[in-house]
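All values below come from the heavy atoms of this structure, side chains included, with hydrogens, waters and symmetry mates left out. Atoms within each ligand, like the ligands themselves, are counted from 1 in listed order. Sequence positions, counted from 1, serve as the residue numbers for this chain. What you see is a predicted model; the values in this text were computed from it and never measured.
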Amino acid sequence: MKQDTIAAIATAPGESGIGIVRLSGPQAISIAGKLIKLKQGKKAAALPSYTIHYGHAVDPKTSKIIDEVILSVMKAPKTYTREDVAEINCHGGMVSVRRTLEAAITLGARLAEPGEFTRRAYLNGRIDLAQAEAVVDIIKAKTSDSLSAAVNQLKGRLSGELKEIAESIKSAAVEVEANIEFPEEGLEAAGLKVTARALSSARERLKELLATAGAGKILREGVKTSIVGRPNAGKSSLLNELLEEERAIVTHLPGTTRDIIEEGINLEGMPFVLSDTAGIRESSNLIEKKGIQRTFNSIESADAVILMLDGSEKLNKDDREAAKRARGKKALIVINKSDLKQKLEEREVEKLLPGVKIINISALKAKGIKELKKALRRLVDERGVRGSEEIIITSLRHKLLLENAVLSLDNALESIKKGMSEEFIALDIRGALDHLGAITGRVSSEDIINRIFSEFCVGK
Ligand SMILES: Nc1nc2c(ncn2[C@@H]2O[C@H](COP(=O)(O)OP(=O)(O)O)[C@@H](O)[C@H]2O)c(=O)[nH]1
Ligand SMILES: [Mg+2]
């Protein structure tokens, strides 16, 4: 099938230093050549790969100059898409780049769909599916840790590891399959033992990858942290203090916060998504009741909970209810209002959530906030998020496929143990390989590929 040439604005809209129109396909360089009047009458077709050239973009309809531009020429196959690529640097701002793009379309290019450049890189075999997904993760990275996890994936670390595991499963499978084809030779019991051992060790490696998925989710989405407690404990004040801005409304009236307010912060490279919630208490006010229900839901879906108590008050049943809801979660207890005379009994607090760290702060006077941040960061350190060189499973799609691969290997091992026929064993082994193949896109259906690339922006 003859490929067409695609074009898009590759930079974010708005005013900026430069804006880039990107072209890819067999006509990319000739269209750029027609669009741009190069200095000294240079011809685009004759330009060497990976060179840049000065000129003027000219409107093909009116022959008027659109902008002063720089053309970068990159020739297949050593390009992002493995096709000929031309990039036109215009001055930033919407009009210049848009008119340059329109000119490219007039000259025969087609408007690119979201992610189509990267999709071509995948279809042309330069990167696999897991690497293409990493490109989105790089663009969307929230912190330097999430960035390095994504860059590792783009470098092919995950793909390489999966390939090795698949190879070891394949060589184990060869023996089993051979026995199906040549049953008269009989499969030695010893041979099956070797197969089982190889499958178990592949299974172990997959389990190791899966163990990083929790950390991966956090790197991608942030640690969901709910700040909960009775009304007026100072939850909204703490949120504002952590964000260093007046994000939530703070008043002396209990029940001020009705809806959940979510904001992101970055603690030593780790993204946290903080939720300020409605105070937990018995209430007959319909709006407040709905707010409190939302608080309960927020606790349930949270990765971590900050249980806030008012140090200037005695412990009450609302505090106990809030603590009960937080049980089993990664948690911190924060005793607020350390600037006031303390009435709260620490011994009773210790019994609320045994083993959970207790920190005294004053949200009003900004005391103890540093210590709280450190303790919060350490809550997830326990999960072993490193982010730098480790391979980390950040995608839910990958996680599910890995789980399915493990399941298939479990079945294969079970069949070997039970002395089932080789056909059964082989079927499960092939299943495991298919699941692994789906991660890198060796075996993938069209609509999965469509879904992955629809997450991209146009021009990438
Ligand atoms: N003295 C003192 N007052 C505080 C402190 N933190 C919050 N407050 C006050 O407590 C009241 C309730 O605070 P708010 O943040 O709205 O509590 P929330 O209902 O838990 O969100 C407000 O009047 C705050 O100014 C603190 O550390 N010390
Ligand atoms: Mg509040």
(message) We want to know whether Ser301 and Lys224 form a side-chain donor-acceptor pair, criterion being a heavy-atom distance below 3.5 angstrom.
(response) yes
(message) Atom NZ of residue position Lys170 - does it have more than 12 heavy atoms of other residues, nucleotides or ligands inside 6.0 Å?
(response) yes
(request) Could you check which of Thr251, Asp276, Ile335, Leu239 puts a non-hydrogen atom nearest to atom 11 (C) of ligand 1? (result) Thr251
(request) Identify, by atom number and element, the atoms of ligand 1 in contact range of Gly234, meaning under 4.0 Å from any of its heavy atoms. (result) 7 (C), 13 (O), 14 (P), 15 (O), 17 (O), 18 (P), 20 (O)
(request) Identify the protein heavy atom lying closest to atom 7 (C) of ligand 1, giving its residue, its atom name and the separation to 0.1 Å. (result) Ser237 OG, 3.3 Å
(request) Do me a favour and list the nearest non-hydrogen protein atom to atom 25 (O) of ligand 1 with residue, atom name and distance? (result) Val250 CG1, 3.9 Å
(request) Distance to 0.1 Å, residue and atom name: give those for the protein heavy atom nearest to atom 4 (C) of ligand 1. (result) Lys337 CE, 3.7 Å
(request) For Arg320, enumerate each residue passing the side chain to side chain contact (heavy atoms under 4.5 Å, CB included) test, keeping only those at least two apart in sequence or located in another chain. (result) Leu315, Glu348, Leu352
(request) Say whether Leu364, considering both its backbone and side-chain N or O atoms, lies within less than 3.5 Å of an N or O atom on ligand 1. (result) yes
(request) Provide, to 0.1 Å, the distance between atom 19 (O) of ligand 1 and the closest protein heavy atom, together with that atom's residue and name. (result) Asn232 N, 2.8 Å
(request) Flag the pair Lys317 and Glu321 as a salt bridge only when some basic side-chain nitrogen lies within less than 4.0 angstrom of an acidic carboxylate oxygen. (result) no
(message) What protein heavy atom lies closest to atom 18 (P) of ligand 1? Include the residue and the distance to one decimal.
(response) Lys235 N, 3.5 Å
(message) Pair Asn360, Ser338 - check side chain to side chain donor-acceptor pair (under 3.5 Å), show working.
(response) CA-CA 6 Å; Asn360 286 282; Ser338 63; over 6 Å; no
(message) Can you report which non-hydrogen protein atom sits closest to atom 6 (N) of ligand 1, along with the distance?
(response) Asn336 ND2, 3.1 Å
(request) With rounding to the nearest 0.5 Å, note down the distance linking CD1 in Ile335 to OG in Ser312. (result) 11.5 Å
(request) Examine ligand 1 and decide if any of its atoms is less than 4.0 Å from a heavy atom belonging to Gly279. (result) no
(message) Any salt bridge linking Arg120 with Asp84? Criterion: basic side-chain nitrogen under 4.0 Å from a carboxylate oxygen.
(response) no
(message) I'd like to check whether Ser338 has a polar contact with ligand 1, where a contact means an N/O of the residue lying under 3.5 Å from an N/O of the ligand.
(response) no
(message) Quick check on the Mg ion (ligand 2): does Ser236 put an N/O/S atom closer than 2.8 Å to it?
(response) yes
(request) Would you kindly check if the NZ (Lys) or CZ (Arg) of Arg22 is within the cone defined by 45 degrees around the ring axis of Tyr80 and under 6.0 Å from the six-membered ring centre? (result) yes
(request) Could you tell me whether Arg397 and Glu133 have a side-chain N and a carboxylate O separated by less than 4.0 Å? (result) yes
(message) Restricting to N/O/S atoms, is Thr257 within less than 2.8 Å of the Mg ion (ligand 2) or not?
(response) yes
(request) Could you list which atoms of ligand 1 come closer than 4.0 Å to a heavy atom of Leu340? (result) 1 (N)
(request) Under 4.0 Å from a heavy atom of Asp339: give me the atoms of ligand 1 that qualify, with their elements. (result) 1 (N), 2 (C), 26 (C), 27 (O), 28 (N)
(request) Below 4.0 angstrom from a heavy atom of His252, which ligand 1 atoms are there? Numbered from 1 as shown, please. (result) 23 (O)
(request) For ligand 1, find out whether one of its N or O atoms is nearer than 3.5 Å to an N or O atom of Lys365. (result) no
(request) Go through the structure and list residues passing ring pair (Phe, Tyr, Trp, His ring centres under 6.0 Å) with His56, not counting sequence neighbours. (result) Tyr54
(request) Salt-bridge test for Arg281 and Glu288: reply yes if a basic N is under 4.0 Å from a carboxylate O, no otherwise. (result) yes
